[in-house]
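Residue numbering restarts at 1 for every chain, and letters A, B, ... go by the order of the sequence lines. Since we're looking at a predicted model, the values are computed, not measured.
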There are 2 protein chains.
Amino acid sequence: MKTECDTKQKLLDTAMQLIWEQSYGSVSVDHICERAGAKKGSFYHFFPSKSDLAVAAIDGHWQKLRPDLDRIFSSQTAPLERLAGYCDFVYEQQNRQMQKFGRVCGCAFTSLGSELSTQDEKIRKKSLQIMEWRCKYLAAAIRDAVREGLVPEQDCDGKARDLYGSVLGVLLQAKIENDLGIIRHLKPTIFRLIGASEKVITGTPSHQP
Amino acid sequence: MKTECDTKQKLLDTAMQLIWEQSYGSVSVDHICERAGAKKGSFYHFFPSKSDLAVAAIDGHWQKLRPDLDRIFSSQTAPLERLAGYCDFVYEQQNRQMQKFGRVCGCAFTSLGSELSTQDEKIRKKSLQIMEWRCKYLAAAIRDAVREGLVPEQDCDGKARDLYGSVLGVLLQAKIENDLGIIRHLKPTIFRLIGASEKVITGTPSHQP
DNA sequence: GCTTGAGTTGACTGATCAGTCAAATGGAAA
DNA sequence: TTTCCATTTGACTGATCAGTCAACTCAAGC
């Protein structure tokens, strides 16, 4: 026997990767098991259903992402730099996935959410929950920017959702275009939405020119 | 024998509706045939594969949509009113689909694009093509707004893509939240992105209060 | 009235699907 | 050493999947 839950973790990681690269509907339990080097029985020992695995997989992926977001959105960083750093992070994440799979894969959470929201309530709820968590980071940054007088007074929580909508939209476009280029538009877009000064919008395009 | 291509059209309409409500992966050829009152053989008489049907279905849906967009984006209408009208149209379309199916279904084109872009090149290309067409309407409106001095000088084509990204993002959020509410944020968001005056942004929220 | 061919039918294939299960394995606690 | 239980195995189910096919229907053109 291997480490305690080696197989379980392998199944989660494999499922996450396959679903991200392809889609929930076109990845079968057999594929996941084969790629993870596990047998069907083991799969159903750990997860009651394919749908439950998907929920667990995106949840695990989200947990792994949080330390990065905590760092990027650290209150030690200036508010507008947090947002800029987040845009760069989004780009880099897609870039890494592209190196690995050779295609733009978009946002794993919302790809799954988009595919299954109308059919699987558990997956919809989890996808929604992650969306709300991510908005909290944005809202805090906007709130601090307002406090420091960098942007006008505004509804920070509402605006955070608008910003996140733009992030999702850009990732969806990038996936369909199979081109990372448009993700570069994200930074000026979100600065415009929060009413940052024109200098901020046009300056500092990103740490890669 | 019924009208010339009655069966074919029925298959297209049924497929479009089912895929929009559910997803490509979870709608089978058998389901489509059953709902359309056609037999499997007829299906494969008209379409070489399920994937080809999907391409034809979204193309047909797009063709049906164009007269509406032509009306909304008529050059007889003031540029900013075109954009406002488009936002209302997006809301109304989702509202209609919600009445019919009882759920927010998001954008049919990009839901399919999001699900299959990494796997089916024909579907990705069609989805991309429709995306580009829609951006043209937005670009023309922005261009005219610039010409009339309603908004600052800017890269109209690039900005149109940014706007469309926001539309897609908002529709994706609405689908996952299963709530039309956030679509109401779309109008101020796109006005902000093109740099319209604050009065335009906050005024005229939509024709329903 | 015969031919033609687009459209229709229903039975069929073999693969694959999600999910089940009883029996085997093997490490840890007793 | 024996018991115990989480884990693993591989064979199994019945349903469903996309796609095939030969035979049939029927209106239109000759």
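Taking atom CG on A:Leu53 and atom P on C:dG19, their separation rounds to 11 Å, with Å as the unit. The distance from atom CG of B:Asp6 to atom P of C:dA6 is 18 Å, rounded to the nearest whole Å. Distance, B:Ile32 CD1 to D:dG19 C1': 14 Å, rounded to whole Å. Atoms NZ (A:Lys10) and C1' (D:dT7) sit 17 Å apart, rounded to a whole Å. Put simply, CG on A:Leu11 is 14 Å from P on C:dG19, counting in whole angstrom units. Separating the CZ atom of B:Phe43 from the P atom of C:dA11 is a distance of 20 Å, rounded to the nearest angstrom. In this structure, A:Glu34 places its CD atom 16 Å from C1' of C:dA18, rounding to the nearest Å. Atom P of nucleotide D:dA18 and atom CD of B:Gln119 are separated by 14 Å, given to the nearest angstrom.
Contact annotation: B:His45 side-chain N/O to C:dT8 OP1/OP2 distance is not under 4.0 Å. Contact check, A:Thr7 against D:dT7: no side-chain N or O comes under 4.0 Å of OP1 or OP2. Side-chain nitrogen and oxygen atoms of B:Tyr44 include at least one within less than 4.0 Å of the OP1 or OP2 phosphate oxygen of D:dG19. Residue A:Lys50 places at least one side-chain N or O closer than 4.0 Å to OP1 or OP2 of C:dA18.
In terms of position along DNA chain C, the nucleotide closest to B:Lys39 lies nearer the 5' end than the nucleotide closest to the other residue of the pair A:Ser26 and B:Lys39. Annotation: of the two residues near DNA chain C, A:Asp30 and A:Pro48, the 5′-most nearest-nucleotide partner is A:Asp30.
Counting heavy atoms from C-beta outward, B:Asp157 and B:Arg143 have side chains that approach closer than 4.5 Å. Side-chain atoms of B:Asp88 and B:Ile72, non-hydrogen and from C-beta on, never get closer than 4.5 Å to each other. Between B:Val29 and B:Cys33, some side-chain heavy-atom pair lies under the 4.5 Å cut-off. At least one side-chain heavy atom of A:Glu21 sits under 4.5 Å from a side-chain heavy atom of A:Gln97.
In the interface, the side chain of B:Lys40 is paired with the base of D:dG19 through a donor and an acceptor atom under 3.5 Å apart.
Using cut-offs of 30° and 60° for the angle between ring planes, the A:Trp133 and A:Trp62 rings count as tilted.
Residue-level contact check: B:Ser28 touches the backbone only, with heavy atoms under 4.0 Å from sugar-phosphate atoms and none from bases.
Taking only side-chain atoms of A:His31, from C-beta outward, the nucleotide of C:dC17, C:dT9, C:dG7 with the closest atom is C:dC17. Which of D:dG19, D:dT7, D:dT9 sits closest to the side chain of A:Ser42 comes down to D:dT9.
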